[in-house]
Amino acid sequence: MGIISRAFTGRSHNQDPSLPPGQYLTEDFPVLSAGPTPRISRDEWEFTISTETGTVRRWDWSALMELPIEDVTTDIHCVTRWSKLGTSWRGVSVDTLLDGVETHNEFAMAHSYGGYTTNVPLADLRNGQAWVAFEFDGESLAAEHGGPARLLIPHLYFWKSAKWVTGLATMEHDDPGFWEQNGYHLYGDPWREQRYW
Ligand SMILES: Nc1nc2c(c(=O)[nH]1)N[C@H]1C(S)=C(S)[C@@H](COP(=O)(O)O)O[C@H]1N2
Ligand SMILES: [Mo]
């Protein structure tokens, strides 16, 4: 029954409880990028986590592939008001990447190839809430959608899910990233409609 109702656009939160307030359903997958699509091969891709001590942990593609890989089915919500339900991804949990990383910082800046940044509390990257995702719908993640790999933090507005992600830098303070400096909310909870500030 949910399948049929989802085929119609224009349904609201009142009609579908999986839709946060002010969002509408879409069946396609819009591309939203602030600049050109960086073309990064898996061979040149790398991911780092750096902390206040100057320690840097580094993974190349083959190191990433050696980590436990998870299948994730989740709803995603863009601040421009589209939501997409039941999307399927494969990736490595950020818990796995943060395992053994020691920091007193409570925030992180995600960095992408191309220069995009977005800030996220470390607590929101832990406990099964965030992934470095490299497959969407059973296929390698398309470059337009952030391939080789993107962050996936589905409980926050989708601008937090940095495409072409290449690292996390822990931070003492919740400094704003790219969109956050341009008026987007520092945290971005779709259920509280934290769109702009
Ligand atoms: N590196 C990078 N990541 C990004 C963006 C971007 O412009 N650059 N846009 C963000 C925004 S606003 C959204 S809604 C989603 C869009 O992801 P999609 O293009 O796969 O739908 O990516 C987010 N991640
Ligand atoms: Mo967005």
Side-chain angles (χ1 to χ4, degrees), residues 6 9 18-42 44-49 61 64 72-92 94 97 107-121 124-125 129-169 171 175-197:
R6 281 167 197 174
T9 52
S18 36
L19 212 47
Q23 297 292 110
Y24 68 85
L25 284 177
T26 181
E27 295 295 328
D28 47 42
F29 195 177
V31 171
L32 280 111
S33 304
T37 295
R39 304 282 164 173
I40 309 298
S41 70
R42 288 180 168 188
E44 63 191 307
W45 184 86
E46 68 163 24
F47 185 81
T48 59
I49 298 181
W61 194 263
L64 186 77
V72 183
T73 300
T74 187
D75 303 341
I76 53 179
H77 311 291
C78 175
V79 72
T80 62
R81 299 185 182 271
W82 57 265
S83 290
K84 203 169 159 52
L85 304 184
T87 58
S88 55
W89 304 82
R90 295 193 93 196
V92 171
V94 178
L97 298 163
F107 303 96
M109 189 70 84
H111 291 267
S112 296
Y113 290 100
Y116 185 86
T117 55
T118 187
N119 57 296
V120 193
D124 290 82
L125 295 170
Q129 298 186 96
W131 294 266
V132 171
F134 51 83
E135 279 185 26
F136 174 78
D137 241 355
E139 310 273 355
S140 298
L141 188 60
E144 303 73 53
H145 288 298
R150 75 182 297 163
L151 217 48
L152 175 65
I153 318 174
H155 69 289
L156 300 177
Y157 279 124
F158 209 37
W159 87 76
K160 297 287 185 181
S161 293
K163 304 198 281 189
W164 318 292
V165 70
T166 187
L168 295 171
M171 307 189 285
D175 299 327
F178 173 76
W179 280 122
E180 295 84 2
Q181 287 173 40
N182 287 283
Y184 282 25
H185 196 277
L186 219 47
Y187 183 64
D189 179 352
W191 296 96
R192 289 186 278 169
E193 281 211 83
Q194 293 176 336
R195 297 175 191 275
Y196 312 104
W197 61 312

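Just so we're clear, the structure is a prediction, and the values are computed from it rather than from any experiment. Read the numbers this way: they start at 1 and go in the same order the structure lists the ligands and their atoms.
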Rounded to the nearest 0.5 Å, the OH atom of Y113 sits from the OG1 atom of T37 at a distance of 15.0 Å
Give every pair made of an N or O atom of ligand 1 and a protein N or O atom lying under 3.5 Å apart, one pair per line with both atom names and the distance to 0.1 Å, or write 'none'.
residue: ligand 1; atom: 1 (N); partner: S112; partner atom: OG; Å: 3.4
residue: ligand 1; atom: 1 (N); partner: K163; partner atom: O; Å: 3.0
residue: ligand 1; atom: 3 (N); partner: K163; partner atom: N; Å: 2.9
residue: ligand 1; atom: 7 (O); partner: A34; partner atom: N; Å: 2.6
residue: ligand 1; atom: 9 (N); partner: L32; partner atom: O; Å: 3.1
residue: ligand 1; atom: 17 (O); partner: R150; partner atom: NH2; Å: 3.1
residue: ligand 1; atom: 19 (O); partner: L32; partner atom: N; Å: 2.9
residue: ligand 1; atom: 19 (O); partner: K163; partner atom: NZ; Å: 2.6
residue: ligand 1; atom: 20 (O); partner: H145; partner atom: ND1; Å: 2.6
residue: ligand 1; atom: 20 (O); partner: R150; partner atom: NH1; Å: 2.7
residue: ligand 1; atom: 21 (O); partner: P30; partner atom: O; Å: 2.6
residue: ligand 1; atom: 22 (O); partner: R150; partner atom: NH2; Å: 3.2
residue: ligand 1; atom: 24 (N); partner: S161; partner atom: O; Å: 3.1

Next on the checklist: Quick test of your reading of the model: are K160 and E180 salt-bridged, counting only N-O distances below 4.0 Å?
Outcome noted: yes
By side chain to side chain contact (heavy atoms under 4.5 Å, CB included), Q181 pairs with (sequence neighbours left out) P176
side-chain hydrogen bond (donor to acceptor under 3.5 Å, both in side chains) pairs touching residues 140-151, sequence neighbours excluded, are R42-S140
Sequence neighbours excluded, the answer for ring pair (Phe, Tyr, Trp, His ring centres under 6.0 Å) partners of Y196 is Y184
- Query: Any donor and acceptor pair, going by atom type alone, linking the side chain of W45 with main-chain N or O of V165 inside 3.5 Å?
  - Reply: yes
